[in-house]
Q: 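Supplied in structure tokens, the structure appears directly below.
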Amino acid sequence: VNMGTALIYDEEMTRYKLLWVDPACKIEVPERLVVSYGALVENGLADRCVSIPVREATDADILLVHSEEYLEAVKKTPYMTLEELKEFTLQYGDVYFHPNIYHCAKLALGATLQLVDNVMTGKVRNGLALVRPPGHHSMRSAASGFCIFNNVAIAAQYVKQKYGVKRVLIVDWDIHHGQGVQYSFEDDPSVLYFSWHRYEHQKFWPNLRESDFDVVGKEKGAGSTINVPWNKVKMQNSDYLSIFFHVLLPVAYEFSPDLVLVCAGFDSAIGDPEGEMCATPDIFAHLTHLLMNLAGGKLCAVLEGGYNLKSLAQSVCQTVHSLLGDPAPRPANLEGPCNSALESLQCVRSAHRKYWSCLKHAGSLKYTLIVNVLSFSTIRENFIKDADDKDAVTLSSLIALVDKMEKNEVVLTRDLLYSNLFFYISVLSQGCSDASGFIQAVLGLLLPLGYEYDPSLVLLVQTPGSGICDSVWQQLTGLLQGLAQGHILVLMQRTCIDPTCSSLLGDAAPSLGQLHAAPPEDVEAVENLRQRLKADWKLLQTTDEPDD
Ligand SMILES: NCCCNCCCCCC(O)(O)C(F)(F)F
Ligand SMILES: [Zn+2]
């Protein structure tokens, strides 16, 4: 059942701004919140959300991450003169203070904690906190990069303490590295921190060596920090999706979090002066959708950066559309990842290979994934019978058709062809013993293919004896709804009605639990398939090597 999407916003957080000249900080303006919230109202999205009031964070909340001396120092800022504020600011980097910023920082943190409380207690399924000041750069005893208190890092500590949450996934899609979050959890295996960020071989702010792909966490936390550096600008949608399919999602499914927190910065969108990337706002609908089947759908997005007011507002709307369960727009004309992205992808996968079994191999296999991509030309050459075939497409004819497809005696009627190009995958399985193999094959092979093929219809057939258990089936049905604007037709030859219907109705699939490694000998089939197909399907690439 879908308990709805929370939206947490208070205009008090617009009431602070830069009071002196500082080129580094002038982009962080109150209008960022005004246009974001305004766009949600204009698009009728705010009304569809559950409005939750903010609260002021308490000292105890703040001290979950920050030191007493830092909190005491910040507490003095409301009473400072302009000169004293300037002086106080000098000790930190790329941040500014204002008489009202401490109040707003408590509201931003309070809004974040209200969101996680409502999600953890089941009042809502997911939600977005529209806040400023942002949080992911602030450290235990220092403000940094427009951030005062680390909203998301505190939220992770807060849910562990208050709800006994075992595993928290933090996805930081802001274009800057949230070093404050990384420092908070580098030795903590219960919090998996994933961040991509503009890096340009350490030439981009915050210019840290520890933002690179080989920094993976310390001691028990080794493997629980994933840094994806972008060493070039102009990254596109396919670069972002490649990282999701071949790094974040496989690891996230293996980690199996109880809660997903998103450092939702939108400076990674096209037009942003900081990011200088080329990914379009609708990509955030897909990024959000792809995370929504984790943790039983418990996802809390918290605004971080985003400085181009137009793409910020559009990206916020795309994110909320997905949180509400609206189908994502079709991922138009995806090409493969660029070489620089492939290099980063390969470096991150090899740096983490020893920590995550899904990266040891493409994902184990109890399932033979036969991918027949029947493009129009192939069908025309091989399968179309005499031209006067005019019968309308009916469900029964579709079922009959699938039967024939199963037996490879494909007969496709002309009008069926004209309505949809077919992307036909038959997933045969030898039992549901390990969901991990299936999910890894779905994430590393099926989804990249599907996104690149960009079908107008997804036909999902459960063949008899497929043995795919309900929760895995629901994950598959949920994930595939990111394609074809959610136009998915499920043909079931086995009673799997309830889980399928709940997934088609937009419910999040139940968590699969932590995925263990599967026997490596099963992996060749997926690898061979990927090798064979990646020449034509660029999103399958994970390295620029001929055989990765
Ligand atoms: N050309 C101006 C240089 C600005 N250098 C500092 C950038 C800070 C980025 C902050 C952020 O976007 O990561 C946050 F999410 F925290 F708001
Ligand atoms: Zn940022």
Side-chain angles (χ1 to χ4, degrees), residues 13-14 16-18 20-33 35-36 65-66 89-90 92-98 101 104-105 108-109 111-112 128-139 142-155 170-184 193-200 202-208 210-211 227-230 233 235 240 261-277 279 281 284 287 301-309 311-313 315-316 319:
M13 287 181 277
T14 67
Y16 78 92
K17 63 182 181 178
L18 181 58
W20 51 79
V21 174
D22 177 355
C25 295
K26 70 173 190 293
I27 52 174
E28 206 297 304
V29 295
E31 288 71 20
R32 296 179 54 236
L33 278 198
V35 302
S36 299
V65 164
H66 299 285
T89 298
L90 288 178
Y92 306 117
D94 286 40
V95 63
Y96 64 88
F97 279 82
H98 176 282
I101 199 169
C104 295
L109 175 54
T112 305
L128 169 69
L130 276 183
V131 302
R132 69 186 277 272
H136 69 154
H137 298 301
S138 58
M139 293 158 270
S144 168
F146 315 150
C147 303
I148 308 302
F149 300 138
N150 201 316
N151 305 316
V152 168
I154 292 169
I170 299 176
V171 178
D172 189 336
W173 68 45
D174 185 283
I175 206 60
H176 298 91
H177 178 224
Q179 82 279 30
V181 183
Q182 175 166 310
Y183 299 153
S184 298
Y193 177 59
F194 168 93
S195 171
W196 60 38
H197 30 270
R198 183 177 172 181
Y199 190 57
E200 291 173 304
Q202 207 173 328
K203 286 206 300 298
F204 190 73
W205 191 91
N207 314 91
L208 298 170
E210 59 268 31
S211 305
N227 282 319
V228 180
W230 297 123
V233 291
M235 290 299 166
Y240 288 6
L261 300 177
V262 179
C263 287
F266 298 104
D267 42 17
S268 36
I270 190 165
D272 192 278
E274 281 291 301
E276 296 187 82
M277 298 298 169
F284 294 102
L287 303 185
V302 183
L303 181 67
E304 294 279 4
Y307 307 99
N308 176 311
L309 300 184
S311 59
L312 168 62
S315 304
V316 165
T319 303

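Whatever order the structure lists ligands and atoms in, that order sets their numbers, starting from 1.
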Q: Taking only heavy atoms of Asp267, which atoms of ligand 1 are found under 4.0 Å from at least one of them?
A: 12 (O)
Q: For ligand 1, does Ile175 get within less than 4.0 Å through its side chain, its backbone, both, or neither, judged by non-hydrogen atoms?
A: neither
Q: Taking the side chain as C-beta and beyond, is there a heavy-atom pair between Ser184 and Tyr193 under 4.5 Å?
A: no
Q: Is any side-chain heavy atom of Ser195 closer than 4.5 Å to one of Asn227?
A: yes
Q: Any non-hydrogen side-chain atom of Val131 less than 4.5 Å from a side-chain atom of Val302?
A: yes
Q: What orientation do Phe146 and Tyr96 show, parallel under 30°, tilted 30 to 60°, or perpendicular over 60°?
A: tilted
Q: Measuring from the Zn ion (ligand 2), name the closest N, O or S atom belonging to His176.
A: ND1
Q: Per the side chain to side chain donor-acceptor pair (under 3.5 Å) rule, which among Lys203, Arg198, Gln202 passes with Glu200?
A: Arg198
Q: Would you mind running through ligand 1 and noting each atom that sits below 4.0 Å from a heavy atom of His136?
A: 11 (C), 13 (O), 14 (C), 15 (F), 16 (F)
Q: If you measure from each heavy atom of Gly265 to ligand 1, is any distance below 4.0 Å?
A: no
Q: As an exercise, identify every atom of ligand 1 less than 4.0 angstrom from a heavy atom of Gly145.
A: 8 (C), 10 (C), 16 (F)
Q: Of all the N, O or S atoms in Asp174, which has the shortest distance to the Zn ion (ligand 2)?
A: OD1
Q: Enumerate the atoms of ligand 1 whose separation from the nearest heavy atom of His176 is less than 4.0 angstrom.
A: 7 (C), 9 (C), 11 (C), 12 (O), 13 (O)
Q: Determine the sole option in Val262, Thr319, Leu33 for which the side-chain contact (heavy atoms from CB on, under 4.5 Å) test with Leu303 is passed.
A: Leu33
Q: Looking only at heavy atoms, is any part of Glu304 under 4.0 Å from ligand 1, and if so is it the side chain, the backbone, or both, or is it neither?
A: both
Q: Using heavy atoms and a 4.0 Å limit, tell me yes or no: is Glu274 in contact with ligand 1?
A: yes
Q: Is the Trp230 ring parallel, tilted or perpendicular to the Trp196 ring (thresholds 30°, 60°)?
A: tilted
Q: At a threshold of 2.8 Å, where the distance has to be below it, does the Zn ion (ligand 2) have an N, O or S atom of Glu304 nearby?
A: no
Q: For atom 15 (F) of ligand 1, grab the closest protein heavy atom and report residue, atom and distance to one decimal in Å.
A: Gly305 N, 2.9 Å
Q: So which heavy atom in the protein is nearest atom 11 (C) of ligand 1, and how far is it from that ligand atom?
A: Tyr307 OH, 3.2 Å
Q: Compute the shortest N/O to N/O distance between Trp205 and ligand 1 and return yes if it is under 3.5 Å, no if not.
A: no
Q: Is the closest side-chain heavy-atom distance between Glu274 and Trp205 below 4.5 Å?
A: no
Q: Between His137 and ligand 1, which part of the residue brings a heavy atom under 4.0 Å of the ligand: side chain, backbone, both or neither?
A: side chain
Q: What residue among His177, His197, Gln182, His136 forms side-chain contact (heavy atoms from CB on, under 4.5 Å) with Asp172?
A: His136
Q: Report yes if the distance between the aromatic ring centroids of His176 and Phe204 is under 6.0 Å, otherwise no.
A: yes
Q: Suppose we measure from atom 5 (N) of ligand 1 to each protein heavy atom; which comes out shortest, and what is that distance?
A: Asp94 OD2, 2.7 Å
Q: Which is the closest N/O/S atom of Asp267 when seen from the Zn ion (ligand 2)?
A: OD2
